Amino acid sequence: MGFVTRFAPSPTGPLHLGHAYSALLAHDTARAAGGRFLLRIEDTDTARCTSAFEAQVHDDLAWLGLTWETPVLRQSDNTKAYEAALTRLGEMGLLYPCSCTRGDIRRAASAPQEGAPLLCPDGLIYPGTCRHRPWEDRTNTDAVRLDMARAVDHLTDLPQYTETGRHPALRLTRAHLVEEVGDIVLARRDTKTAAYHLSVVVDDAAQAITHVIRGEDLATATPIHVLLQALLDLPIPTYHHHRLIRDEDGKRLAKRDDARAIALYRDEGATPQDIRMMVGL
Ligand code: GLU
C-alpha cells in the first residue's frame with residue numbers, strides 16, 4: 001500500500017511556525033518511510049481564502065526545502081466530488097436541509113437543557129430545529145446537516161481508527177456522536193460549498209492518503225471523519241495528531257498571529273534550519 005501523507009493548509013493567512021512544524025513533520029515522515037508527500041489547498045471558504053496567501057504557501061514550503069507531487073489538488077476545483085458525496089448521503093436518508101442562522105441556533109440551543117454539553121468540535125451542538133425537513137426540499141439558501149442518530153444507526157458497527165500520536169484514539173460511540181457532536185454541517189449555507197468535514201474525507205480518499213499527520217487541535221474532529229469514511233465506504237487512514245507549537249505564553253499559534261509568520265522570519269534572515277530548530281525538529 002505504501003505510505004502517503006499530505007499537508008492541507010487553508011490559505012486564509014500566512015503560514016506560521018505551527019504550519020511549518022506540521023508540514024516538515026509530514027514531509028520528513030513520508031521521506032523516511034520511502035513514501036509520498038502531497039500538498040492540498042483547502043480553499044472551500046471562498047470568503048477568506050486568497051490567491052496571494054495560496055502563492056505564499058507554495059513559496060514558504062519550497063523555501064523550507066519541501067518538495068511535493070504535482071498537480072496540487074485545490075478544493076475549489078473539486079466541488080463536484082463533494083456534491084456527489086452529499087447526494088449519496090442524501091439518498092441514504094442521512095441528510096436534511098437547514099435554514100437556521102447562527103443566531104437561531106444560539107437561541108434554540110441555550111433554551112432548556114441546562115447542564116447538558118452544548119459544545120461540539122464545530123461550536124454549539126445543533127438543537128435539531130430543521131431535522132424534520134426532507135432532503136429533497138433543499139434550496140440553494142440552505143445548509144446541509146448530517147442526521148447523526150440516523151447516520152450512526154445506519155452502520156452495523158461503528159468504525160474505529162488507529163492513532164500514532166501521543167494521545168490514544170478517541171472511541172466512536174453512539175452516545176458521544178449523538179449527544180456530544182450532533183448534527184454537523186456538511187455543506188455551508190453562506191458559501192454554498194462543502195464543509196471541511198466532508199471535503200477532507202472525500203479528498204483524503206481521492207488522494208489515497210494512508211497517514212493523516214496534523215495538529216492536535218483537529219483530534220476531536222477525527223471521529224466525525226472516520227464516521228463519514230465508513231458511511232461513504234472509504235478507507236480509514238491512520239491518524240497522527242501532533243503537539244501544537246505555542247508562543248511564550250503557552251497560547252497556540254493561529255494564523256492571525258502574523259508575528260510568527262514564516263515570511264517574517266525569512267525577511268529577518270532566518271534560515272530553514274533555524275525554523276526547524278525553533279519548532280523542535
Ligand atoms: N485545512 C485544515 C487547516 O488548515 C487542515 C485539515 C487537515 O489537516 O485535516 O487547519
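These numbers were taken from a predicted model, which means no experiment stands behind them. Ligands are counted one by one from 1 in listed order, and the atoms in each one are counted from 1 as well.
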Side-chain H-bond candidate by donor/acceptor type, [X] with [Y], under 3.5 Å:
| X | Y | value |
| --- | --- | --- |
| Arg214 | His241 | yes |
| Thr164 | His240 | yes |
| Ser199 | Arg40 | no |
| Thr12 | Ser10 | no |

Query - Sub-3.5 Å N/O-N/O distance, Ala8 and ligand 1 - result: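 Yes, Ala8 has an N/O under 3.5 Å of an N/O on ligand 1.
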
Under 4.0 Å to a heavy atom of [X] - the qualifying atoms of ligand 1, by number:
| X | result |
| --- | --- |
| Arg6 | 7 (C), 8 (O), 9 (O) |
| Leu218 | 5 (C), 6 (C), 7 (C) |
| Val200 | 9 (O) |
| Arg214 | 7 (C), 8 (O), 9 (O) |
| Glu42 | 1 (N), 2 (C), 5 (C), 6 (C) |

**Report entry** Within the 6.0 Å centroid threshold, strictly below: His167 and Tyr239
**Finding:**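 No, the ring centres sit 6.0 Å or more apart.
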
Query raised in the report: Is any NZ, NE, NH1 or NH2 atom of the basic residue among Glu83 and Arg138 found under 4.0 Å from an Asp or Glu carboxylate oxygen of the other?
Result: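 Counted as a salt bridge, because a side-chain N and a carboxylate O are separated by less than 4.0 Å.
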
Requested in this report: Decide whether the shortest distance between a heavy atom of Tyr196 and an atom of ligand 1 is less than 4.0 Å.
Outcome: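 Flag set, Tyr196 near ligand 1.
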
